[in-house]
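Read the structure below first, then the notes.
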Amino acid sequence: MFAPTAGLTKAVGGFILGLLALALGFGLSFKGAILPVLGWLSSVTSAGVMQFVQPDKVELTKWLLGGVMLLLGLFLTIRSIQYAIDHVLETINPALRVGKVGDIYVKRQHLAQGPRVVAIGGGTGLSTLLRGLKRHTSNITAIVTVTDDGGSSGRLIKDKGMIPPGDIRNCLVALADAEKSMTDLFQHRFKNDSGSLSGHSMGNLLIAALVDQAKGDFEKAIEIASDVLAIRGRVVPSTLAHVSLRAELENGIEVCGETAIVQAGSKIKQIYLNPEECEPTQEALDAIAAADMVVIGPGSVFTSLIPNLLVPGIMNALKNTKAAKIYICNVMTQPGESDAFTASQHVGAILSNVDAKPFDTVLVNNGLPTEEALHKYRDSRQHFVEPDVDRIRAMGLRYIQGNFMSETDVVRHDPMKLAARLLTLVR
């Protein structure tokens, strides 16, 4: 496993060896080469001092002059090094200055030593969580669903036969440490009057271009995009296979495709991957095995969360990990997926679709939105998720409840409150 101080330790060791070699060389050559030169400089200086100073004050003057020269030399050396570093950093990145380097180094070292967190999901829910987590640790692995077949992602699936990049793009931007102009570029969506580009996300197109440059290697494309955005952590798909969703509805009808399932207008009874046999990414399995904490959600329970858990191998990795496993229940219901669901019904939907408990703790929001917000959401057939924690406890699960909500123009989890509470569980 990567040790965040390994490079610094190597540099300090090399510096100490260099000093020892310098001292040894200085000692060996002192008498034969250096001492005569120093003696000559001393005699020249003494001759110059004697011309301006009384004989009884020559030695004192020489000591004072030597001290001044030492301080001046030290000052000039340090200032020259600072100037050189400043010039190099400004050439590489005009936003950096020597005064900021120390702060940046300390901050990144602190993040690099943070807990190993795996976040599983997709959509806006996962990206919300990631924005909070990256303030506490850079050891983050986001495992993202790849079943989206709508919008820009759906068109790229048809046009290029690639894995849908939309949810992965959102996670990359959420973890980004790049300039705002770069993240804004990734999130830019072309207007509907833009011809063949209408509705496309610029980030999706950039990822598609990177896939082409990487000769079809989707993982390599994500790696390059991660470097461009300077993300804190990693984003990996749950599988590299081309999979879609198939749902059995309560009215007995079977529907295929994520978009069609959400628009079907009937409650979902069971959800499946199509094909059911697909290989998980090794990075996802390794991250779960090494994690201190695995977080599932928040997000669309049937189309963002369960699909990851249906990838063969993911559930087995969750069963075997020693990490704390937490499910974050949504704040509001979603039409076509979790209409009128309580918190315990969200949990029940997940447990009924997998063969074991993928988590042992449920985090539930009990902060209540304003009546104005509730009315606005009611118009779109969305409701506040009732925190019925007694039923969750009856399922044999622990629960954590609190006000983890943020209400602006939308009601969703507050990323900072959420991350801060989760990190207390690890610590």
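We number each residue from 1, following the sequence as shown.
With 3.5 Å as the limit, one finds no donor-acceptor pair spanning the side chains of Ser406 and Arg412. Side-chain atoms of Glu219 and Thr281 form no donor-acceptor pair, as typed in the model, at a separation below 3.5 Å. Judged purely by distance below 3.5 Å, without hydrogens or angles, the side chains of Asn139 and Gln113 never pair a donor atom with an acceptor atom. Between Arg155 and Ser152, the side chains place no donor N or O within less than 3.5 Å of an acceptor N or O (distance only, hydrogens not considered).
To the nearest 0.5 angstrom, Lys417 atom NZ is 4.5 Å from Asn403 atom CG. Note that OG1 of Thr259 and CG of Asp148 are 6.5 Å apart. Values are rounded to the nearest 0.5 Å. A distance of 5.5 Å separates CE in Met293 from CG in Leu423, rounded to the nearest 0.5 Å. In this structure, the separation between CG on Asn365 and CZ on Phe404 is 7.5 Å, given to the nearest 0.5 Å. One finds the CZ atom of Phe190 at 6.0 Å from the CG atom of Leu205 (value rounded to the nearest 0.5 Å). If you take NE2 on His136 and CE on Met416, they are separated by 7.5 Å, rounding to the nearest 0.5 Å.
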query = Are Leu422 and Ile328 close enough, and set up right, to give a side-chain contact (heavy atoms from CB on, under 4.5 Å), and what steps lead you there?
reply = CA-CA 10 Å; Leu422 289 171; Ile328 301 175; 3.9 Å; yes
message = Run Ile350 and Phe359 through side-chain contact (heavy atoms from CB on, under 4.5 Å) and show every step you take.
response = CA-CA 10 Å; Ile350 296 174; Phe359 44 81; 3.9 Å; yes
request  = Apply side-chain contact (heavy atoms from CB on, under 4.5 Å) to Leu249 and Lys269, showing your working.
outcome  = CA-CA 5 Å; Leu249 307 181; Lys269 182 180 179 182; over 6 Å; no
ask   = Step by step, would you call Lys325 with Lys357 a side-chain contact (heavy atoms from CB on, under 4.5 Å)?
value = CA-CA 10 Å; Lys325 293 171 285 188; Lys357 289 180 180 178; over 6 Å; no
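Using a 4.5 Å heavy-atom cutoff, the side chains of Val362 and Ile326 are not in contact. Between Ser226 and Arg234 the shortest side-chain heavy-atom distance does not fall below 4.5 Å. For the pair Tyr272 and Asn353, the minimum side-chain heavy-atom distance is 4.5 Å or more. No side-chain heavy atom of Ser244 sits less than 4.5 Å from a side-chain heavy atom of Glu258. Contact annotation: the side chain of Arg169 approaches that of Gln187 to within less than 4.5 Å [non-hydrogen atoms, C-beta and beyond]. By the 4.5 Å heavy-atom criterion applied to side chains, Cys278 and Pro312 are counted as neighbours.
Of the charged side-chain nitrogens involved, at least one lies within less than 4.0 Å of a carboxylate oxygen, so that Lys180 and Asp184 count as a salt-bridged pair. Arg378 has a carboxylate O that lies under 4.0 Å from a charged side-chain N of Glu371, or vice versa, which qualifies the two as a salt bridge. Ionic pairing of Arg398 and Asp360 is present here: one or more N-O contacts between side-chain nitrogen and carboxylate oxygen are shorter than 4.0 angstrom. With respect to the salt-bridge test (charged N to carboxylate O, under 4.0 angstrom), the residues Asp177 and Lys134 do not qualify.
Contact record, Ala241 with Val146: O-CG2, 4.4 Å, taken as the closest heavy-atom pair. Closest approach of Ile143 and Val118 over heavy atoms only: CD1-CG1, 3.6 Å. In plain terms, the two heavy atoms of Val411 and Val331 that are nearest each other are CG1-CG1, 3.7 Å. Smallest separation of non-hydrogen atoms from Pro369 and Gly367: CD-O, 3.7 Å. For the residue pair Val364 and Pro387, the shortest heavy atom distance occurs at CG1-CB, 3.3 Å.
By the side chain to side chain contact (heavy atoms under 4.5 Å, CB included) test, Ile81 is found to be paired with Thr77, Ile85, residues two or more places apart in sequence or in another chain being considered.
In this structure, Arg391 places its CZ atom where only 12 or fewer heavy-atom neighbours from other residues, nucleotides or ligands lie under 6.0 Å away.
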Pairs under 3.5 angstrom only: tabulate donor-acceptor contacts from the side chains of residues 119-127 to other protein residues two or more places apart or in another chain.
| unit_1 | atom_1 | unit_2 | atom_2 | d |
| --- | --- | --- | --- | --- |
| Ser127 | OG | Thr124 | O | 2.9 |

